[in-house]
Amino acid sequence: MNYIIGAFKPACNISITFSDGKTRKQVPLKKENGQTAMVPLFQSQENIAGKISIEPVQGKKVEHNGIKIELLGQIEMYFDRGNFYDFTSLVRELDVPGEIYERKTYPFEFSTVEMPYESYNGVNVRLRYVLKVTISRGYAGSIVEYQDFMVRNYTPPPSINTSIKMEVGIEDCLHIEFEYNKSKYHLKDVIIGKIYFLLVRIKIKNMDLEIRRRESTGSGANTHVETETLAKFELMDGAPVRGESIPIRLFLSPYELTPTHRNINNKFSVKYYLNLVLVDEEDRRYFKQQEVTIYRLADTS
Amino acid sequence: MISDAIEDEEKWLAEGIAGIQHNAFYMHRALDSNNLREALKYSAQLLSELRTSRLSPHKYYDLYMRAFDELRRLEMFFKDEDKHGCSVVDLYELVQHAGNILPRLYLLCTVGSVYIKSKEAPAKDVLKDLVEMCRGVQHPLRGLFLRSYLAQVSRDKLPDIGSEYEGDGDTVNDAVEFVLQNFAEMNKLWVRMQHQGPIMVKDKLEKERNELRDLVGKNLHVLSQIEGVDLEMYKDTVLPRVLEQVVNCKDELAQYYLMDCIIQVFPDEYHLQTLEILLGACPQLQPTVDVKTVLSQLMERLSNYAASSPEVLPEFLHVEAFTKLSSAIGKVIAAQVDMPIVGAITLYVSLLTFTLRVHPDRLDYVDQVLGACVKKLSGKAKLEDSKATKQVVALLSAPLEKYSDIVTALTLSNYPRVMDHLDNGTNKIMAMVIIQSIMKNNTRVSTAEKVEVLFELIKGLIKDLDGTPMHELDEEDFKEEQNSVARLIHMLYNDDPEEMLKIICTVRKHIMTGGSTRLPFTVPPLVFSALQLVRRLQGQDGDVAGEEDPATPKKIFQLLNQTIESLSSVPSPELALRLYLQCAEAANDCDVEPVAYEFFTQAFVLYEEEVADSKAQVTAIHLIIGTLQKMNVFGVENRDTLTHKATGYSAKLLKKPDQCRAVYACSHLFWVDDQDGIKDGERVLLCLKRSLRIANAAQQMANVTRGSSGPVTLFVEILNKYLYFFEKGNPQVTSAAIQGLVELIRTEMQNDTRTTDPASDAFFASTLRYIEFQKQKGGAMGEKYDPIK
C-alpha cells in the first residue's frame, strides 16, 4: 500500500506521535519485511493518546472526506493470508470533510483501552495492535498510515502453583521420577527440579530438557499445529545408575518465550511444554512431555 | 588392529587439541577486548572438546590439562569485574545458560571459584551448589575430570579453620561435607567405569581405571589437609563417611586403593585412635581385596610411628592396639573364606612385625600370633604353596631377628607347632635359619631343656622326616646342613658339668636318630664336646663324688663308647677309629686304664674288621701307633699286647714301602722320650732292622719287576730314624750301624739301574749335611757323631 502511495507521490505526510513517546518503553517488533523496529509498549487499560500531524506536500492541498484514527487489534493467520480478524476496533473521528492546506495537528486519545490479548508473532499467526489513520478521499483513494505498538499484559504470580511430579517409565527398562518445582513459570523464571532414576536397564547416553512451543491456529478441521523447540538444554551426560538423582536448573531468560495463550479469540493458542528426553546409545529417544504455563510477571522488565 | 586404535586415538587427540587451540584463540581475543559474551561463547566451545568419548584416560588427561590452562585465564578475566561489567552473581547465572552440560559445569565451577573469592555469597552455599550440579555428568571419565576440576579450584577456598572463608556460618564442617560429597560421587563414577564396555576389554578398563585412581584419592588428601579436621571430627565424621563409601562401593580395586589411601594420608595418631573403626571395615571388604597388604601397611605405619617417638607407646597400650589388630585379622581371615593361606600368614607376619616393634617386651603377644597361625594352619596338611611357606619362614624368622637370641624363641610354645606345618625342605631351611641365628649371635644354649626344644625345632636336619627321599637331596646342601648341625653342637654349653652331661645326653638322643648319613657329621662334635667335659672333670675330679648322679668321666666314657659304636655300624669305620683313639687318649689322661684299653680294643677290632682299603689301613695304623705311643696308663701286659698288635699289623700291610714305614714307626712304641717313659732299645733296633729288611726286599722286588731299583727314600728315612735314636741315646743304635747304613745308601745310589729321584737324593744329601753339622758342632754330640764318615 505504501509503495503505491509512494509511486503516486503522497499528497501529504502523516505522522503519529504518542504523548508520552519520549518516556514510554520501546520494544523491538519484527516487521513483515524481516526488519526490526522499535515500537512503544502498552498494556491493557492504558490510555493511548497522542497527536496526528498531517502535512501536505509543498503547495498542494489535500481534499478529504474526513479523517479518522482507528485502534485495531488484529489477528492475522498466515495460511489465510490477507484476512484480518479485528477483535478490537475503536474509532475517533478527527476531522470533518474539508481541505488541508498546511500542516495540521489533531490530538487523539483512547482512554483505558481494553486490550486483553498480547501482541504475538508466531509461525502461523500474528496478533498485532495498530493505530490506523485514514484520510478518506473520494476519487483518489484514501491515504492511510499505520503505527504499530506492542501490548504486553502482566499477570500477578498465581496463587496456586503446584509442582509437577511424575513417575514414568517403560516396564523393566526404565523407570524415572521427575519433578519440576512449579507448573507455572514466569518468563524470567528458573526451572528447578530433579530427575530420580528408579530403574535403569538401558544405556543412556544423555538427557535433555526441551522447551517446546505449540502454536495451534484455526479450529475444527482447519486446525494447524506448529511445534517449535525453543530450547534444548542438556541435563545429563552419560549413563546414570539406579538411585541417581540429577538436578535441573534451567534459566528461562535466554529464550524468547511468550506467555501461554489459550484460545485467543477462538483463533489460536500458544502452549508451552517441557519435554524430558532421554537418548540411549542407539540414539533411541524416550521422552515425556509436560505442559507448563508461562506468564508474564509484572515487575520483570 | 590395536595399533590402528592407537593411531586413531592420536588423531582424535590431535583434533581435540586443535579444537581447543582454535577456540582459545578467539577466546583470548574476546578477553582482550573485554567481550564477555564472546568469551563465554568460545570458552564453551573450547570446553565442548572435552565431551569426547573416544579418548583413553591418559589422552583425555592431556586434553583436560590444555582446557584447564585456558580456564585459568578465563578465571582471571572473571575476577576482574571492571573488564566485563557483570556482577559475579549475574555471571554465575549467565554461564548456566550454556546448553551443553559439560561446558556449562566447567564454567560454573570456574565462576563459582570467583564467586567464593568475592565473598558475595557464603562459601558453603556455592560449594554445595557446585557439588550438587556436577551430578549432571554421569559419564565416569568426564565426570571424574569435572569433579577433579571442582576439587582443584575449590581447594584453596574451603572454609577451613583459619581460612579467610571461614565464619558467618561457614564452618569447617561445610568444607568437610563438600569434600566428602565430592569424594563419594567421584568414587561412584570411578567404580562404575568398570561396567562401561564389553567384557573383552576388562583388563584394559582396569588399567585405565587404575590410572584415574589418584583423581579420587586426591579428595582424601584434601581432607587430610584441612586443618579443622581434628581427631574428633575425623573419628565422628570423616572416617565413617569415607569407610561407608569404601565398603558400599563393593569394588575390589577401589576398596584396596582407598583403604591404602586412608592409611597413607591421615596421621598415625588418628589411626591409632580410630583403629576399631578402621579395622571394623576390613572384614566387610570384598573377598578379593588384598586386605593383607592394607593391614600390613597400617601395621607398618603404626610400628614406624611407635618407633619414631617412644612417648606414644603408652597410647598404644591404652587403645589396646595389638588386641584390636589381632582380632581384626582374625575377623578378616574368617570373613574371607577364599583367602589363600599365604594371605593369612602374611597378615600374621605383619602383626608379628608390629608387635615385635611396638611391644618387644611382650613375648606372650608373639606367642599369641604364632598360636593364631597354628590354628589357621591346623587341620591342613603340610603347606604346598611355596609362597605360603616363604611367609611362614618370614613369620618364624622375625622373632629370631628381633631378639637375636634363640633362647627367647625357645620359650614360645607355638613356635615348633608352626614349624610342623612346613614342608620338609622348608623346615630344613628354617632350621638352618635358626642355627645361623645362633651362630651369628654366638648364643649359648645352656640347659638340657632348651636343647631339647631346639632339637625339636631343627629335627628336619637331625633325622629323616617322613617321606623324604634321600636321593633327591643335593649332596652339597646336605653336607652344609650337617656341618651346621655339627657347629651347633659346639654352641651347647653349660659350666655346670651335671647340666652339660644332660645336654650331651639330650643331643645324643637326637642325633642317634639321624641315620647313617648324618652320624659321620654329628657324632664327632658330640664326642669332642663330651671329651671337653671329660677334660674339665679331670681337673676337679673327686669334688663331685658326693652327689648322687655325678657326671664322672667313667660315665661319659661309657656313653662315648656307645655313641662311637653306632658309627662303626655305619660305613665310616675310619672315623669311628679316630674317635676311639681320641677317647682312648682322653681316658689315658683320666688315668682309667680299662677304659683306655677298651677303646683301643675297639679301634683294633675296627681295623681288623672294617678297614679294608690298604690306604686307609696305612693311615689307620699310623694313627694307632701315634696314639699308642702317647699312652702311659697301661700296665706292661696291656701295653705289650697292644704294641705287639700294632707291630704285627704294621708288618702285614700290603705294600712294602708302607710296611717299612709302619714298622719303623713302631720303633717309637718302645722308646718314649719321657722321664718315666719306656725305653726298650733292643726292641727299637729290632724294629729298625726289620724295616731295613723290608726296604731291601722292596728294592729287590722293584729290580725284579721293573728292572730297575727304586729310589733310596726308604733307606734315607730309616737312616733318619737311626739318627734319632742315636741322638736319644739308645745304646743299641751304634755309630757303626749308622755308618753301615750310609754306605749301603751310597752303594745303592751308584747302582746304574737305579731310577734317579731328585727328592730322595736331596733328602740323603741333607741328612749327610746334618751329620756333618753335628760333628762340627762338637761337644758331646759331636764326639758321638765323630766316628761316622
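Note: hydrogens, waters and symmetry copies are ignored here, and every other heavy atom, side chains too, is used.
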Review point. Got a donor-acceptor contact below 3.5 angstrom from the B/Gln138 side chain to the A/Gly238 backbone?
Key: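 It does not hold such a pair.
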Practice item. Give a yes or no on whether the backbone of A/Met236 and the side-chain of B/Arg135 come within a donor-acceptor separation of less than 3.5 Å. Key: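 No; judged by distance alone, with no hydrogens or angles, the pair does not exist.
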Which value, rounded to the nearest 0.5 Å, describes the distance between [X] atom [atom1] and [Y] atom [atom2]?
X: B/Glu132; Y: A/Lys194; atom1: CD; atom2: NZ; answer: 9.5 Å
X: A/Ser253; Y: B/Gln96; atom1: OG; atom2: CD; answer: 10.5 Å
X: A/Leu209; Y: B/Ile101; atom1: CG; atom2: CD1; answer: 11.0 Å
X: B/Leu102; Y: A/Glu234; atom1: CG; atom2: CD; answer: 8.0 Å
X: A/Phe251; Y: B/His97; atom1: CZ; atom2: NE2; answer: 5.5 Å

Check your understanding: Taking all atoms of both residues into account, what is the closest heavy-atom pair of A/Leu235 and B/Arg104, and its distance?
Key ->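 Minimum heavy-atom separation between A/Leu235 and B/Arg104: CA-NH2, 4.2 Å.
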Check your understanding: Of the non-hydrogen atoms in B/Gly136 and A/Pro247, which two are nearest, and what is the gap between them?
Key ->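 Minimum heavy-atom contact is N-CD, 4.2 Å.
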**Study point:** Close side-chain approach of B/Arg142 to A/Asp237, heavy-atom, < 4.5 Å
**Key:**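 Yes; the side chains approach each other to less than 4.5 Å.
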Review point. Stepwise, does the side-chain contact (heavy atoms from CB on, under 4.5 Å) test hold for B/His139 with A/Lys205?
Key: CA-CA 8 Å; B/His139 185 275; A/Lys205 199 161 69 177; over 6 Å; no
Review point. Heavy-atom count around A/Phe287 CZ within 6.0 Å, excluding the residue itself: above 12?
Key: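 Check fails, neighbour count at 12 or below.
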Check your understanding: Do other residues, nucleotides or ligands put more than 12 heavy atoms under 6.0 Å from the OH atom of A/Tyr273?
Key ->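 Yes, because the 6.0 Å sphere around OH of A/Tyr273 holds more than 12 heavy atoms from other groups.
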Review point. Taking A/Ile246, A/Asn206, A/Val190, A/Leu250 one by one, which has the highest count of heavy-atom pairs under 4.5 Å against chain B?
Key: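 Going by pairs under 4.5 Å, I would pick A/Ile246.
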Practice item. Evaluate the criterion side-chain contact (heavy atoms from CB on, under 4.5 Å) for residue pair A/Val241 and B/Arg192; output intermediate values, then yes/no. Key: CA-CA 9 Å; A/Val241 292; B/Arg192 207 187 295 163; 3.3 Å; yes
